[in-house]
Amino acid sequence: MIRCKSYELGALVEKVLREGEEDTRQMLTPDAIRKSYASSASLKQSIMLCMRDADQTMRIVLELNALPLALQISQIVGTVMSRTLRGGRAERIEYLLLHAFTNQGYVVPDKQYGKKKIDHSEDQDDDQQVSSKRKKAAYAGGLVLDPKKGFYDTFILLLDFNSLYPSIIQEYNICFTTVNRKFKKDGEGDLILPDLPESTTLPGILPTQIKKLVDSRRSVKDLLKKDSMSEAQRQQLNIRQLALKLTANSMYGCLGFSFSRFYAKHLAAMVTSKGREILLQTRDLIQKMNLDVIYGDTDSVMVNTNSHDFEEVYRLGREIKQTVNKMYKLLELDIDGVFRYMLLLKKKKYAAVTLEKDKEGNMIQKTELKGLDIVRRDWSNFSADAGKAIIDIIMTDKSEDLRLSQIQEHLEGLRVALLDGKIALKELAITKSLTKDPSDYPDKKALPHVQVALRLNSSGGKKIKAGDTVAYVICDDGSGLAPTQRAYHVDEVKESSTLKVDTQYYLAQQLHPVVSRLCDPIDGMDSARIAACLGLDPSQYKSRAPVEDQGDAEARDEDRFLACSPLNLQCSCGDPVVLDSAFKGSGKEIGPALLVCPRPKSCGGYPLGGNGKGRIMNQITKQLREFIKKYYAGWLVCEDPGCTGRTRQLPLQFQRAFPVCPTCKKAIMYSEYSDSQLYTQIQFVLHLVDIRKAQMKLGQDELTYVRNKMSACHNSSTAYDELKELVEHRFSRSNGYATVSLDRIFQGLYSAGAL
DNA sequence: ATGATAGGGCTCGATA
DNA sequence: TATCGAGCCCTAT
């Protein structure tokens, strides 16, 4: 119901009831209770504390409206309130579906009790890993577009789909009753999704239930718009509308939940796959309007409008909205906001200043922070506040120089404050939660929060367990150990006279990385300069992290791919096509190779023409498999060109890490088709189909011709994107396998003395 | 016990 | 000594 740094009662009281306790909350520890029996005064004190806790607990529950919400949810899904409060979300959806299916006369799946692993022979799940590590994802989820990183001071438009996943389930009628449950894997073990139901199929149970929830919510919201209502009624309805939304939104998650009674991986995978498709399609549509999509995550896109006119930006937004929404019956893209400034750092990491008009027409600015270190509780408040201040300096129209000097000044100020001991201990605390009981961690030594928890459990009265949070400070304890070995609980530091805050750590490990990530796109504020402001040795930070220098990578492509094989494809007329570059033709005739007829005398078609997408995908898949197969055939050839030695049997004689040729018995042998050859080959194929990347190397005129060709061919950019996705997917696999190359095996055997 | 996956960033130890 | 993967935590959607 709420998000907190810590869920101890004291923290909740502060956060929910807003009753500050000047951070000296008296705690009722087991130890204290025992001792308090010594006198009536202290016993009374314990009783008062106990009553205080009970009272606060109840007031928090009241303040959060937890009970009315649980009541509404129970009514909606048809279960009892005690279960709603106690059980998880999966159980609520389970009851909703049980009611829906039995009403229609269906037989529902049996409930599985106990944790006994049921035999999944017919369910094609991979083995549920017993090991403690986090489960690997069972199917692909939402798509995150590559961000165009940087600082933007032009208006950015944020659009997103209203409750995407529930809408997809309705739009495509995805249900247990409408989609074939049998699904296969291809040769590589990837899921092949079953087909979508025909458009004539009657709506299934799942879409119908979601529609009911969405419709009820709409009518509740309509009711809320009317004025004739008491505050109490209004609140009641608001809670009901929230419960309806929560229920609709959690249906997708329960489809993918492996212990759910209604587990349906194929449906969950289908929903996310449609989601990815929709996001790509939306991006393409907007790009075709000649607009710049700078980022997008799962159900949203951000567009750089290059404008400073609020009304114009909204007009543009409505235009985009209209264009996109034409594509769907139900799905709805909406304007979610306008950014005045934006600092886009990474996927899921950005800061923005939003611009909004209030009822009186005044512009209101708000800062929004997503994913940055600043919003995470595993960074100290000290670094978070520093980061916030830096963002406030960056996100303005100040001149570059002013920005730089203000940042510098601020950092120097922080450094002085820290060294002078002006920063409160609380500000330096790093908070982490325990996912296991502290003693259950395999390598406790490496994890500071675990060490602190263990020490407190063994000495102090506390019993820290799984789910609890630990706040610690890195101290200088004179031990000279690694910083992770010098973590102490805030209370330990307070009581000790020898423990001192490790200011170097806070400068170098807490301030520097946070600030330098934020300043990355700002010219003139590099890592070394920030280090200098903080009094650290700038030379340590000189070399910036290997920046992906696109220019360089592109320039090398040509030579790199010299030895690669082209792809053999078929045109829509059936003629063979040799694909060896991303574009065909020159000047006015230039176009994406798959959109141009290869023959001097045009056959009138082109490779991706007609239903070419499927054919091309198959052909590419087939050839990629050939390359991979060639690699795994594992032929060894003799290094000496004069010798005919060629074998698949690993010779037993070695010279250093290489086998000696059994034919000439002199030269060594190497792989006929090495892992790096395979790697380059697949990169080449990727290069052929990654039309967006290829376009970046074109001149302005050529780019225009290519763009025209693409928009003339229906759906061609989507087709290209799918091809790219296909190859990338294959790429990541073969790359993973190739990690264990034959050469490495030789070397391993050799160094183990086996040869 | 029991909503999902995607992604960044830190630490440590194994490996080249 | 640099690089990579595993484990951990927390966040975005």
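In what follows, chains carry the letters A, B, and so on, assigned in the order in which the sequence lines appear, proteins first and then strands, with residues in each chain numbered from 1. From a predicted model like this one, the values you see are computed outputs, not experimental measurements.
- Within the nucleic acid shown, A:Phe161 has no heavy atom closer than 4.0 Å to any nucleic acid atom.
- The NZ-C1' distance, from A:Lys149 to B:dG8, rounds to 11 Å in whole Å.
- Judged purely by atom type and a 3.5 angstrom limit, A:Arg276 has no side-chain atom pairing as donor or acceptor with the backbone of A:Gly142.
- Rounded to whole Å, the distance from CG on A:Leu145 to P on B:dT5 is 20 Å.
- The NZ-P distance, from A:Lys111 to B:dT2, rounds to 11 Å in whole Å.
- A:Thr84 and A:Ser74 share a donor-acceptor pair across their side chains, judged by distance under 3.5 Å alone.
- As rounded to whole Å, 13 Å separates atom C1' of C:dA12 from atom NZ of A:Lys347.
- Here the nucleotide nearest the side chain of A:Ala137, chosen from B:dT5, C:dT13, B:dC10, is B:dT5.
- Every pair passing salt bridge (Lys or Arg N to Asp or Glu O under 4.0 Å) that includes a residue from residues 504-517 of chain A is listed here, sequence neighbours excluded: A:Asp373-A:Arg517.
- For A:Arg276 and B:dA4, the CZ to P distance is 17 Å, given to the nearest whole Å.
- For A:His489, there are no ring pair (Phe, Tyr, Trp, His ring centres under 6.0 Å) partners, not counting sequence neighbours.
- Per the geometry, OH belonging to A:Tyr506 stands 15 Å off C1' belonging to B:dC10, to the nearest Å.
- Using a 4.0 Å cut-off, no side-chain N or O of A:Thr272 falls inside it from OP1 or OP2 of B:dA4.
- Close to B:dC12, at under 4.0 Å from its OP1 or OP2, lies a side-chain N or O of A:Thr484.
- Nearest to the side chain of A:Thr298, among C:dT13, B:dG7, B:dT5, sits C:dT13.
- Each salt bridge (Lys or Arg N to Asp or Glu O under 4.0 Å) pair with one or both residues in residues 72-90 of chain A, not counting sequence neighbours, appears once here: A:Arg83-A:Glu91.
- At a threshold of 4.0 angstrom between heavy atoms, the contacts of A:Gly256 are confined to the sugar-phosphate backbone, with no base atom among them.
- The side chain of A:Lys348 contributes no N or O atom lying less than 4.0 Å from OP1 or OP2 of C:dC10.
- Side-chain N/O atoms of A:Tyr295 include none lying less than 4.0 angstrom from OP1 or OP2 on C:dA12.
- Note that CG of A:Leu481 and NZ of A:Lys445 are 12.0 Å apart. Values are rounded to the nearest 0.5 Å.
- Distance check: A:Lys265 NZ to A:Tyr139 OH gives 9.5 Å after rounding to the nearest 0.5 Å.
- Along DNA chain B, the nucleotide nearest A:Gly142 and the nucleotide nearest A:Gln509 are compared for position; the residue whose nucleotide lies closer to the 5' end is A:Gly142.
- Residues satisfying the ring pair (Phe, Tyr, Trp, His ring centres under 6.0 Å) criterion with A:Tyr165, sequence neighbours excluded, are A:Tyr252.
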Inset, instruction - Report the secondary structure of DNA chain B in dot-bracket form, marking unpaired bases with a dot and bases paired to a different strand with |, and treating Watson-Crick or G-U pairs with both distances under 3.5 Å as paired. - result: ...|||||||||||||

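- Under the 30°/60° scheme for interplanar angles, the aromatic rings of A:Phe176 and A:Phe262 are found to stand perpendicular.
- B:dG3 atom C1' lies 19 Å from atom CZ of A:Arg86, rounded to whole Å.
- In the region residues 370-385 of chain A, proximity to DNA chain C at under 4.0 angstrom, judged on heavy atoms, holds for A:Lys370, A:Gly371, A:Val375, A:Arg376, A:Arg377, A:Asp378.
- Contacts of A:Arg3 with the nucleic acid, taken as non-hydrogen atoms under 4.0 Å apart, involve only primed sugar atoms and P, OP1 or OP2.
- Here A:Ser250 lies out of heavy-atom contact (under 4.0 Å) with every strand.
- Rounded to an integer number of Å, the gap from A:Phe259 CZ to B:dA4 P is 9 Å.
- Phosphate proximity of C:dC8 to A:Lys436: present, with a side-chain N or O under 4.0 Å from OP1 or OP2.
- When only modelled atom types and interatomic distance are considered, A:Glu332 and A:Asn325 share no side-chain donor-acceptor pair under 3.5 Å.
- Contact check, A:Thr435 against C:dC9: a side-chain N or O comes under 4.0 Å of OP1 or OP2.
- Picking from C:dC9, B:dG3, C:dT13 the nucleotide with the shortest atom distance to the side chain of A:Tyr252 gives B:dG3.
- Straight-line distance between the P atoms of B:dT2 and C:dT13: roughly 27 Å, to the nearest whole Å.
- A cation-pi arrangement is present between A:Lys274 and A:Tyr172, with the terminal nitrogen or guanidinium carbon under 6.0 Å from the aromatic centre and inside a 45° cone about the axis.
- In terms of phosphate contacts, A:Tyr441 brings no side-chain nitrogen or oxygen within less than 4.0 Å of OP1 or OP2 of B:dT11.
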